[in-house]
Amino acid sequence: MSMGKPVDQTLAREFGLSAEEYARVLDIMGRTPSLTELGVFSVMWSEHCSYKSSRVWLKQLPTTAPWVIHGPGENAGVVDIGDGLAAVFKMESHNHPSFIEPYQGAATGVGGILRDVFTMGARPIANLNALRFGRPEAPRTKAIVDGVVRGIGGYGNCVGVPTVGGEINFHAAYDGNPLVNAMTVGIARKDRIFLSAAAGIGNPVVYVGSKTGRDGIHGATMASAEFAADSEEKRPTVQVGDPFTEKLLIEACLELMATDAIVAIQDMGAAGLTSSSVEMAGKGAVGIELDLDHVPQRETGMTAYEMMLSESQERMLMVLRPDREDVARAIFEKWELDFAVIGHLTDSGRIVVRHNGVVEADIPLGPLAEQAPLYHRPTVETDKQPPLNPARVENRWMLADALAKLIACPDLCSRAWVWDQYDSTVGGQTVKRPGAADAAVVRIDGSARALALTTDCTPRYCLADPEAGGRQAVAEAWRNLIAVGAKPLAITDNMNFGNPEKPEIMGQFAAAIRGMSDACRVLDFPVVSGNVSLYNETEGRAILPTPAIGGLGVLEDAAQAVGIAIAPWLDLVLIGATVGWLGQSLWLREMAGREDGAPPPVDLAAEKAAGEFVRAQILAGNVRACHDVSDGGLLVAVAEMAMAGGTGVRLSTGPREIPGHAYWFGEDQGRYVLAVPEGAALLRAAEAAGVAAVRIGTSGGQDLTLPDGGTISVTALRAAHERFFPSWMGT
Amino acid sequence: MKAGIVVFPGINRERDMAIALELASGAKPRMVWHQETDLSGLDLVVLPGGFSHGDYLRCGAMAAQSPVMGAVRAFAAQGGYVLAVCNGFQILTEAGILPGALLRNASLRFLSMDCHLRVERADTVFASGYRRGDIFRALMAHGDGNYFADTHTLDRLEGEGLVAFRYAMPNGEITPEANRNGSQRNIAGIYSPNLRVLGLMPHPEDLVDPLMGGIDGKPLFDGLAAAFTPLRAA
Amino acid sequence: MKATVTVMLKTGVLDPQGKAIGHALGTLGFTGVGEVRAGKVIELELAETDPAKARAQAEEMARKLLANSVIESFRVSVDG
Amino acid sequence: MKATVTVMLKTGVLDPQGKAIGHALGTLGFTGVGEVRAGKVIELELAETDPAKARAQAEEMARKLLANSVIESFRVSVDG
Ligand SMILES: Nc1ncnc2c1ncn2[C@@H]1O[C@H](COP(=O)(O)OP(=O)(O)O)[C@@H](O)[C@H]1O
Ligand SMILES: [Mg+2]
């Protein structure tokens, strides 16, 4: 590629540095940097590693609570879950690689996020994924969906971490830019968390895992650039995942972590050896010296530049206590992984990289971090849309017909085809598998406790009103945890947006952060980790703003978790207020062919009151099934409960003042459907708590009996619900 | 019951198996590393599920060559009891300890879902907790569970009553629809001629706790525990 | 020497992958495609310099590990 | 005609399968084994009787379906 070219402003540009940024490099170095040095600057100052466009906004997110042990800034967030245990979790995107090579892109995405979690000393116990694809009929969508699903399964199944949840949306805005966001959750003893700040002058710097090849060089800068028609040329060698090596790496690292050998540890993620060594030394305010001759190499003749920028997978960097080197070496040899001392810590405050006896890079770490670019990019607010008056939206359909069409559409149909390819039970602790409940529930080995896990975002709301959408995404995650009976603790986020240099995109970003912050604060649901993916555009067209939220909650007793499946002879009660909000609803899109109106607002005070009430009822043992009302509205929620339980429901008439289609398909927020043996008692309790509640029907029989006189059998509903994926994929 | 679980690199259901064995017998199983060769003192050797060596060449092919497999072969030859589930079953066929092979699922996709198994005979230590003809639920989680053997071998297995379990509909019917991975004659598990080695693809060990969705797999482990627990004085 | 071991499913063993490829080729508009079979190829860099010995070695590897004789057959080719 | 398409990972792309096979061969006691690479082979029965045309057809199939040009390269051989 750039070998042989002189290091100058033109080359810096090719490496993604602006003229001003390059001037700053010259200033820091006091001379023309070497190629390797330029490489280090370019990846460390890339959007992916430096968060230069997003940092000013991310700082506004609430990140603290009494149960937060480590918020953003570490490899993953850490929260106290009781019993001396901590949950460690984070979500990360692999959007661009998954578009180029769906299988390997998604697989290595899973591998990367796993490493962020076990690098902190946690055994990964669950994976989730939030996926957005283009229109099913768009030329590449099918191959991308197939590859991404196989890749997630291929990696997760092999490493033996159950994939327990996630979400999928389709929209034209993702035709040329799918989103693959992967989340991992792990468990550690809360007094045994491992951090990345290096310490101890003279301590050995150790490389473990796979060998280094010329994989994905400049992946970090690529993830920071928009796709153009020439993206073929920007193609780096795609990384191939090796889940077997990852599995060995997990076991070897956890075995070593049970000793006292490790001072600091960090995975080699984006920008590989560069970012891991620079960040470890930087956080510890020490210097670091690397001798690349000792780096285990898969290929011959690699240059310093290539080794420093390689994104080969399944590698870790550690600082060890010098007297424990042999203990560590023995463990990695047992697991048949490479182990090499490649350097040591110094007091110079610099990173010095040697190769074949030549100093290839010598950079002061302080300025590299402190003078990293930080942009206050201009923002423009998204124009607000007026709320839709439901009475003005014509309805020509019987409820049963609209329901049958809605639950069959790609955004609402059964995802069984997808999760049937994910091992969701390995580990023997999965209490609620995909499809069984609003959040996945995974018990903690050796404890009665369980974690509840979910990912949520409604991008069409975010496009119409990014602030309302950001608020809604956090609220929906919170609601899904409540719906299984868990106490919501914290979130991780994955901010997927377009080109931040466009004010309207930066406006979306800022507004989404405002809405999210608002919800986090009121719901006591802080952000403890996250990831930003910008430049998600093809040919200048941006994706829908997609702040994907990964939520985590805890149940003290796994046996208290409830799912969505209903049994016969229960009363169904709707909690939360309904006005019949059709703006941006799926009914409006699928039936009326319109995508307009303001999205449904979230009243956070009402949200909190309803959620706390629902959770108390679940913990009191009064609730047999619970489902939050989201995409598709009330009737879709009821139909999902009926299909899961194989039981019909007779529904009562809604309030006269709301048109039927708006009542049954409106997407008003903050609502749950509860199935209880005795509706009257629940209504009394709700009234006492000041929470809106109304009895909407009774379960039993084989059919959904609707208030407009129509019926539809649960069998017919299931057939419609389960059709899309298998028929699309031909399996 | 003294059970040993063999751990090959890449195995990942060893903990699920340990939970099920301990729940039934009260005793923690011993974890046996793939390079060990001493299985003395064990009542039961278990080869669990997972992806030994990544299953990169063929499922179980590399694990079948491990040092421990010599010991497993000798243990079985001396009449020892061996339970091999999923990758374990694949390893036993690759090692030639059980006949046949496990091909890629007919759909060419990984299948992670419930299935139902019909108990073909209950007069074995493994199936003593069931009755012949019982239908029980188990979890499938494999990409290569498509049982294959030549006709002669299949006829011999049938003739000698060595088919342990078949994929069935919940009502017990043996249909192509129940046979998601495409196995010949719906075979989900087989015995060695002395009925002391069982290999099967689905996971009974993941259904031993009502919280995890059911206890359909528990009778298998209870049966084993009962067989190997010395009668306690009344 | 370089030895190449090609491993195919035996005739009589169902080859769903080959079938799926055949089907996909049809969907893509390719006509006149008869049977399609899918297999594996393993290329080995051997220190052995005698072609006959290298072949014998690769055959031994195939028998012991690379192919499963219950379902697969193999062929070996050797070149300098 | 019969066409054989051999698909291998491009040089430089990590080949976990080849790596694992090489390692297993070592464990089995085979010495002098250098690099091992694993790939796929697809054998196609084609109605086409002209070798040049059959080759062109198979190459087209490889480009469109059988090989993933991002990480794989292929070669085609044709015989009657
Ligand atoms: N959107 C966000 N919200 C909160 N924290 C974030 C966000 N994006 C990144 N972070 C935090 O910034 C730090 C760096 O993230 P990242 O560069 O993704 O880590 P890694 O080097 O492991 O890939 C992490 O602690 C991460 O949790
Ligand atoms: Mg990290």
Side-chain angles (χ1 to χ4, degrees), chain A residues 123 125 146 149-150 152-163 241-248 250-252 334-337 416-436 441-443 445-446 448 450 557-561 563 726 729-731, chain B residues 7-23 31 33-35 48-57 59 62-63 85-87 105-115 138-144 180 202-214 217:
Chain A
R123 176 173 285 282
I125 63 157
D146 184 54
V149 169
R150 283 182 193 273
I152 290 172
Y155 206 99
N157 299 345
C158 186
V159 293
V161 176
T163 301
D242 180 357
F244 171 59
T245 298
E246 180 103 335
K247 169 71 174 163
L248 302 184
I250 295 175
E251 299 302 335
K334 168 184 160 195
W335 290 100
E336 299 178 350
L337 292 165
W417 179 88
V418 175
W419 73 60
D420 280 352
Q421 299 181 56
Y422 299 155
D423 189 339
S424 54
T425 54
V426 56
Q429 304 292 345
T430 308
V431 178
K432 296 290 178 205
R433 285 193 245 167
V441 178
V442 182
R443 190 172 62 179
D445 197 4
D557 180 358
Q560 289 180 316
M729 290 293 173
T731 45
Chain B
V7 182
F8 301 94
I11 281 295
N12 60 33
R13 263 186 164 82
E14 73 278 17
R15 255 166 302 190
D16 311 40
M17 188 58 81
I19 291 169
L21 289 165
E22 188 178 351
L23 192 70
M31 293 291 174
W33 184 236
H34 70 124
Q35 278 167 343
F51 287 73
S52 54
H53 298 276
D55 282 348
Y56 283 157
L57 175 63
C59 299
M62 296 185 218
V85 176
C86 198
N87 201 212
N105 295 342
S107 64
L108 300 175
R109 289 187 188 278
F110 192 92
L111 295 172
S112 166
M113 54 185 60
D114 283 351
C115 63
L139 274 163
M140 272 195 295
H142 58 246
D144 302 71
R180 295 295 297 262
H203 296 281
E205 75 274 21
D206 278 321
L207 281 181
V208 294
D209 181 339
L211 251 188
M212 306 304 143

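Each chain gets a letter, A, B and so on, in the order its sequence line appears, and its residues count up from 1.
Classification of A:Arg443 and B:Asp209 as a salt-bridged pair holds, one side-chain N sitting under 4.0 Å from a carboxylate O.
Neither the backbone nor the side chain of A:Lys432 comes within contact range of chain B, judged by heavy atoms closer than 4.5 Å. With a 4.5 angstrom heavy-atom cutoff, B:Gln35 touches chain A only via side-chain atoms. Within the 4.5 angstrom heavy-atom criterion, atoms from both the backbone and the side chain of B:Leu211 approach chain A.
Nearest heavy atoms, A:Gln429 versus B:Met212: C-SD, 3.5 Å.
In terms of non-hydrogen atom pairs under 4.5 Å with chain B, the most contact-rich of A:Glu251, A:Glu336, A:Arg123 is A:Arg123. Your options are A:Gly160, A:Cys158, A:Gly154, and the one with the most heavy-atom pairs under 4.5 Å with chain B is A:Cys158. Interface summary for chain B: among A:Ile250, A:Asp445, A:Thr430, A:Asp423, the most heavy-atom pairs under 4.5 angstrom belong to A:Asp423. Interface remark: of the candidates B:Gly10, B:Ala141, B:Pro210, B:Gly10 forms the most heavy-atom pairs closer than 4.5 Å to chain A. Heavy-atom pairs under 4.5 Å with chain A were tallied for B:Arg109, B:His203, B:Met17; the largest tally goes to B:Arg109. For the options A:Thr245, A:Asp146, A:Val441, A:Val159, heavy-atom pairs under 4.5 Å to chain B are most numerous at A:Asp146.
Separation of the A:Phe244 and B:His53 ring centroids falls under the 6.0 Å cut-off.
Looking only at side-chain heavy atoms (C-beta outward), A:Val426 and A:Pro162 come within less than 4.5 Å of each other. For the pair A:Pro243 and A:Tyr155, the minimum side-chain heavy-atom distance is below 4.5 Å.
A perpendicular orientation is assigned to the rings of B:Trp33 and A:Trp335, their planes being inclined by more than 60° (bins at 30° and 60°).
For B:His142, the ring-ring contact (aromatic ring centres under 6.0 Å, His included) criterion is met by no residue, not counting sequence neighbours.
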